[in-house]
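Notes for the one structure printed next.
Sequence lines set the chain letters: A, B, ... in the order given, protein chains first and strands last, and positions in each chain run from 1.
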Amino acid sequence: GEDVEQSLFLSVREGDSSVINCTYTDSSSTYLYWYKQEPGAGLQLLTYIFSNMDMKQDQRLTVLLNKKDKHLSLRIADTQTGDSAIYFCAESVIGLGGGNMLTFGGGTRLMVKP
Amino acid sequence: EAEVAQSPRYKITEKSQAVAFWCDPISGHATLYWYRQILGQGPELLVQFQDESVVDDSQLPKDRFSAERLKGVDSTLKIQPAELGDSAMYLCASSLTVSKYGYTFGSGTRLTVV
């Protein structure tokens, strides 16, 4: 099956930039996504990038995609304490049943220190 | 804003008992997913429905898990008998199609098997 990998933990100071990295394996993915999960909650879609794009900026969020290396990153500018959460990278893949599905990484826990 | 509704929010059950979770997707979303998220890991797909039909249940432990979506709207996921290793967050998601909007997730049901 496809693997999506992320580093486990990132700690930054409030006001600094955070960069969360992800590697994926399915080169046919149409969209790649970043989700945010706060404690005890479901997953919230933060942003996405279409596979033919290299970069996408959305307010404080910048997504970079390197298709050659199958590397995706999420940069959060001016990180705030409210950004503390777990961030999941996900790729769209074709499942065994032929339908589109999302495969998630294990998540990166971001801790923002005041 | 439209939401995916899940109930119950929390469930504690004894091992070998039966347990059921309910999900009501966003109106009009034909595709419904059940994911399981073990603590500290990313979500993993259990079953995917397109309307009332199962598209992918390759990762569903069919000896004890069952899922149905009889009228192509809401869905029920059942575990019988529950085992200690089933303790996890069970997330339901729905989508129109794979797109920049990804999936919309519910808040999940946290199951603890004792």
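- No donor-acceptor contact under 3.5 angstrom links the side chains of B:D57 and B:Q59, judged on distance only.
- Neither the backbone nor the side chain of A:Q44 comes within contact range of chain B; no heavy atom of the residue lies under 4.5 Å from a heavy atom of that chain.
- For the atom pair A:Q80 CD and A:D16 CG, the distance stands at 10.5 Å (nearest 0.5 Å).
- Using a 4.5 Å cut-off between side-chain heavy atoms of Ile, Leu, Val, Met, Phe, Trp and Tyr, B:V4 falls into a hydrophobic cluster with B:I26.
- Heavy atoms closer than 4.5 Å to chain A are found nowhere in B:Q50, neither backbone nor side chain.
- Under the 6.0 Å cut-off for aromatic ring centres, A:Y87 and A:Y35 do not qualify, their centroids lying 6.0 Å or more apart.
- Ion pairing between A:K70 and A:D26 fails under the 4.0 Å rule for side-chain N and carboxylate O.
- Of all residues in residues 104-114 of chain A, those placing a non-hydrogen atom less than 4.5 angstrom from a non-hydrogen atom of chain B are A:F104, A:G105, A:G106.
- Side chain of B:R9 to main chain of B:S107: a donor-acceptor pair is present (N/O by atom type, distance under 3.5 Å, no hydrogens or angles).
- B:Q41 touches chain A through its backbone: at least one of N, CA, C or O sits under 4.5 Å from a heavy atom, while the side chain does not.
- With a 4.5 Å cut-off on non-hydrogen atoms, A:F88 touches chain B through its side chain but not through its backbone.
- For the 3.5 Å distance criterion, the side chains of A:S18 and A:T79 qualify, holding a donor opposite an acceptor.
- Its side chain within the 4.5 Å cluster rule, B:I12 clusters with B:V114 among the Ile, Leu, Val, Met, Phe, Trp and Tyr residues.
- Interatomic distance, OG1 of B:T109 versus CH2 of B:W34, reported as 6.0 Å (0.5 Å rounding).
- Identified by a heavy-atom distance below 4.5 Å to chain A, the contributing residues of residues 81-93 of chain B are B:M89, B:L91, in residue-number order.
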